[in-house]
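Just below is one structure, and these are the notes that go with it.
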Amino acid sequence: MIIKPKGTIDLLSDDAKKWKYVNRIIDELMEKYNYNYIRTPLFESTDLFKRTVGESTDIVSKETYDFLDRGERPMTLRPEGTAGVVRSFIENKMYGDPSLPIKVYYNGTMYRYERPQSGRDREFTQFGVEVLGTTDEMVDAEIISIPVNLCKLLGLKGLKVKINSLGDQESKDKYKEVLYNYFKDKIEGLCPDCKARLEKNPLRILDCKVDKDSDILKNAPKMLDYLNEASLIRFNKVQDYLNSLEIDFEVDSNIVRGLDYYDHTVFELEANVKGFGSNNVLCGGGRYSKLIEELGGPSMSAMGFAIGLGRLVMALNLEEVDMKYKKDVDLFIIYNTEVEKQYAAKLINDLRLNGFVVEMDYLNRNIKGQFKQADRLNTKYYLILSNDDLINNEIKLKNSKTKKEEIVNLDYLLYFLEENIENEDLENEENLY
RNA sequence: GCGAUUAUGGUGAAGUGGUUAACACGCUAGGUUGUGGUCCUAGUAUGCGUGGGUUCGAUCCCCACUAAUCGCCCCA
């Protein structure tokens, strides 16, 4: 038997319906925000990701799916969405669009060659947005509001929004130096991983899980104290806008994103959900002011975020949020003879074109089996064909809940169904998806 | 890359060094029910992840492999 590759999933049955529902909410929300859907390639030149990731190089070589195409060109399955969007922004000269900023959203699969664990697969889906071509603080706030509002619409509670500012290049460099010097002589008190991080990426010591309660970390110099004036003013403005948007947030100076290209605002959304694995960060994002230029575009700033749909749906499931999807079928046509089956074929087509969800048996089950199957599918009405009725231009309907049977004249069938089924749907609209 | 745990039928699972591998659900057939849902009867793993080893004998002990789950690292 051939089995699926490690770290991949088959999205099936009810889970698939839940994802469809979440995706629909995403699309609707992005319409309101007036962000455009963008789809970039699933694979890009390896160079693109090498450059965006920057200094922390070993990430790329170790954790991406790399391959040579038949022309021996190095290619990489995208590990994230930002790089492709920025590449597209430059390649399509969107920076010249008079209606800047460019506001786009993507929703697609990403690939990282990692050891799978709870909330982490090798193939996973991210919904994300990017706003390119403005430094306006309102955009920072607006972008943070998107995942917050998405969760609100979905009914997910227990979220924590954490924000921080890394400041501009000047502030960032200065802070890194201060931090390095601070940790240098205290490194013996930290965990082995942190020792390695000191040289590689001292910022990440700040969100170490092992040492998070140690005094060394608690007394470490804070990024916010090293922001220069312009950066600080900017950060305060972002917070003002967040308050206007009525978003609860917490400034956490330990929020550091892993990559070099971020500056100014960075943020994360944490799920405080019981039963969640150790990977409880639902979404993260931030501003990046140098990346567009580094990839050969003009000097423009942008900001974005991405949210993992797998983790989002996991959180929704744990919180027992009702992801509204259609759980039943309207009608199941029950037949006995071949003549009746022929008629069923005609009828099923008519009914479907008139907007009903209709099923019939395809396994030559006997009547009993057909009823069973209809029940499995949560049928609202059984439509029981019999030659005698058909000759009289009539059809027998049985309500699966009330057990009430009615003989309906065929000419009035649609009218009857609209009365009885569509009204029911209107009463509980959550049944729609 | 490192570590822990697990691996029995369509599903959830119990179990033992030795003739027929519990139980439940599901499924199939038949009976009852005015045509299903209730109820009754029967059937439903020659097999316990794969390959070796120990043993008179292994699903149960040992080793390797594979896979799953969770954690570390990393987290774009």
Side-chain angles (χ1 to χ4, degrees), chain A residues 1-9 44 48-65 76-86 110-122 124 126 128 130 191-197 200-201 203-204 207-210 255-262 266 268 275-286 288 291 304-308 311 332-336 340 361 363 365-379 381-386 389 396-403 405:
Chain A
M1 186 179 55
I2 297 171
I3 58 171
K4 64 183 173 342
K6 188 189 276 289
T8 61
I9 60 159
E44 300 262 8
L48 175 65
F49 301 113
K50 276 209 172 124
R51 274 205 241 168
T52 52
V53 170
E55 301 302 303
S56 333
T57 47
D58 47 331
I59 294 176
V60 150
S61 55
K62 278 188 186 150
E63 305 197 343
T64 52
Y65 276 92
T76 296
L77 297 185
R78 63 183 181 196
E80 50 106 15
T82 303
V85 170
V86 172
M110 310 291 164
Y111 299 84
R112 295 181 195 172
Y113 194 88
E114 299 180 284
R115 183 69 72 90
Q117 68 189 73
S118 178
R120 184 159 89 181
D121 283 313
R122 289 185 171 180
F124 57 98
Q126 282 190 337
E130 310 291 343
C191 75
D193 290 325
C194 282
K195 285 172 194 158
R197 282 193 269 249
K200 233 167 47 184
N201 195 352
L203 284 181
R204 287 212 73 91
D207 61 3
C208 175
K209 280 175 201 158
V210 180
I255 296 290
V256 202
R257 308 256 66 220
L259 292 194
D260 292 346
Y261 60 66
Y262 286 112
V266 291
E268 284 180 1
F276 223 73
S278 61
N279 295 314
N280 68 336
V281 176
L282 279 186
C283 113
Y288 47 95
L291 184 60
F305 87 90
I307 183 165
R311 283 186 202 176
F332 193 100
I333 302 178
I334 289 168
Y335 61 89
N336 206 356
E340 287 162 7
D361 171 62
L363 290 180
R365 279 185 256 247
N366 57 21
I367 299 284
K368 182 173 171 168
Q370 291 185 45
F371 271 103
K372 271 197 166 178
Q373 176 68 358
D375 287 336
R376 278 188 284 257
L377 300 176
N378 286 316
T379 299
Y381 273 89
Y382 315 114
L383 212 156
I384 305 155
L385 296 186
S386 92
D389 289 343
K396 193 189 274 179
L397 284 152
K398 181 166 179 175
N399 184 309
S400 66
K401 286 199 192 90
T402 65
K403 319 299 177 225
E405 281 188 20

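Values reported hereafter were calculated over all heavy atoms of this structure, with side chains retained and with hydrogens, waters and symmetry mates removed. Chain naming here is simple, since letters A, B, ... match the order of the sequence lines and numbering starts at 1 in each.
Counting any heavy atom pair closer than 4.0 Å across all strands shown, A:D375 reaches a base atom. Residue contacts for A:R78: at a heavy-atom cut-off of 4.0 Å it reaches no nucleic acid atom on any strand shown. Contact annotation for A:G369: no contact, since no heavy-atom pair falls under 4.0 Å across all strands.
An OP1 or OP2 oxygen of B:C75 is reached within less than 4.0 angstrom by no side-chain nitrogen or oxygen of A:R122. Listed pair A:R112 / B:C74 fails the phosphate criterion, with no side-chain N or O lying under 4.0 Å from OP1 or OP2.
In this structure, the side chain of A:E340 engages the main chain of A:N336 through a donor-acceptor pair within 3.5 Å. Under the 3.5 Å distance criterion, the side-chain polar atoms of A:Q370 are matched with a main-chain donor or acceptor of A:R365. Looking at A:D121, its side chain never comes within 3.5 Å of a backbone N or O of A:F124 through a donor-acceptor pair.
What separates NZ of A:K195 from C1' of B:C73 is a distance of 16 Å, to the nearest Å. In this structure, CG of A:D207 is placed 13 Å from P of B:C72, rounded to the nearest angstrom. Rounded to whole Å, atom P of B:C75 lies 11 Å from atom CG of A:D193. For the pair A:R257 CZ and B:A76 C1', the computed distance is 8 Å after rounding to whole Å. Put simply, OH on A:Y262 is 6 Å from P on B:A76, counting in whole angstrom units. Atom CD of A:E63 and atom C1' of B:C72 are 13 Å apart (whole Å). Rounded to whole angstrom, the span from the OH atom of A:Y65 across to the P atom of B:C74 amounts to 20 Å. Atom CD1 in A:I384 sits roughly 14 Å away from atom P in B:G34 (whole-Å rounding).
Look at the P atom in both B:U54 and B:C63: the space between them is 15 Å, to the nearest Å. When the C1' atom is compared between B:U16 and B:C27, the two are found 29 Å apart, to the nearest whole Å. To the nearest whole angstrom, the two P atoms, one in B:G12 and one in B:U69, are 14 Å apart. Distance check on atom P: B:U38 versus B:A21 gives 30 Å, rounded to whole Å. A distance of about 25 Å separates the P atoms of B:U66 and B:C73, rounded to the whole Å. Rounded to a whole angstrom, the distance from the C1' atom of B:G31 to that of B:A67 is 45 Å. Rounded to a whole angstrom, the distance from the P atom of B:G57 to that of B:G43 is 35 Å. On the P atoms, B:A45 is 12 Å away from B:G9, given to the nearest whole Å.
Distance check: A:Q373 CD to A:K368 NZ gives 15.0 Å after rounding to the nearest 0.5 Å. Distance check, rounded to the nearest 0.5 Å: OG1 of A:T8 to CZ of A:R122 gives 9.5 Å.
Listed candidates were B:C73, B:G71, B:C75. Nearest to the side chain of A:S278 is B:G71.
Residues that satisfy the side chain to side chain donor-acceptor pair (under 3.5 Å) test with A:E80, not counting sequence neighbours, are A:T82. Applying the salt bridge (Lys or Arg N to Asp or Glu O under 4.0 Å) test to A:E114 and every residue at least two apart in sequence or in another chain returns A:R120. Legend: residues meeting ring pair (Phe, Tyr, Trp, His ring centres under 6.0 Å) with A:Y261, ordered by chain and number and at least two apart, are A:Y288. Remark: A:Y111 engages no residue in a ring pair (Phe, Tyr, Trp, His ring centres under 6.0 Å) (not counting sequence neighbours). Evaluation of the ring pair (Phe, Tyr, Trp, His ring centres under 6.0 Å) rule for A:Y382 yields A:F371 as partners, not counting sequence neighbours. Legend: residues meeting ring pair (Phe, Tyr, Trp, His ring centres under 6.0 Å) with A:F305, ordered by chain and number and at least two apart, are A:F127. Residues passing the side chain to side chain donor-acceptor pair (under 3.5 Å) test with A:T379, sequence neighbours excluded: none.
The base-pairing partner of B:U66, taking Watson-Crick or G-U wobble contacts with both distances under 3.5 Å, is B:A7. Nucleotide B:G43: paired with B:C27 (Watson-Crick or G-U wobble, both distances less than 3.5 Å). Pair assignment for B:C61 gives B:G53, based on Watson-Crick or G-U wobble hydrogen-bonding distances that are each under 3.5 Å. Partner assigned to B:U20 is none, using Watson-Crick or G-U wobble distances below 3.5 angstrom. When both pairing distances are held under 3.5 Å, B:C75 makes no Watson-Crick or G-U pair with any nucleotide shown.
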Every protein N/O within reach of nucleotides 28-32 of chain B N/O, cut-off under 3.5 Å:
| from | atom 1 | to | atom 2 | distance (Å) |
| --- | --- | --- | --- | --- |
| B:U32 | O4 | A:K368 | NZ | 3.4 |

Within the sub-3.5 Å range, which N or O atoms of nucleotides 66-69 of chain B have a protein N or O partner, and how far apart are they?
| from | atom 1 | to | atom 2 | distance (Å) |
| --- | --- | --- | --- | --- |
| B:A68 | OP2 | A:K6 | NZ | 3.0 |

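Contact of A:R204 with B:C73 (side chain to base): no donor-acceptor pair of N or O atoms is detected under 3.5 Å.
Mapping A:Y382 and A:R120 onto RNA chain B by nearest heavy atom places A:Y382 at the nucleotide closer to the 5' end. A residue-by-residue look at A:F276 and A:G284 shows that A:F276 has its nearest nucleotide of RNA chain B further toward the 5' end.
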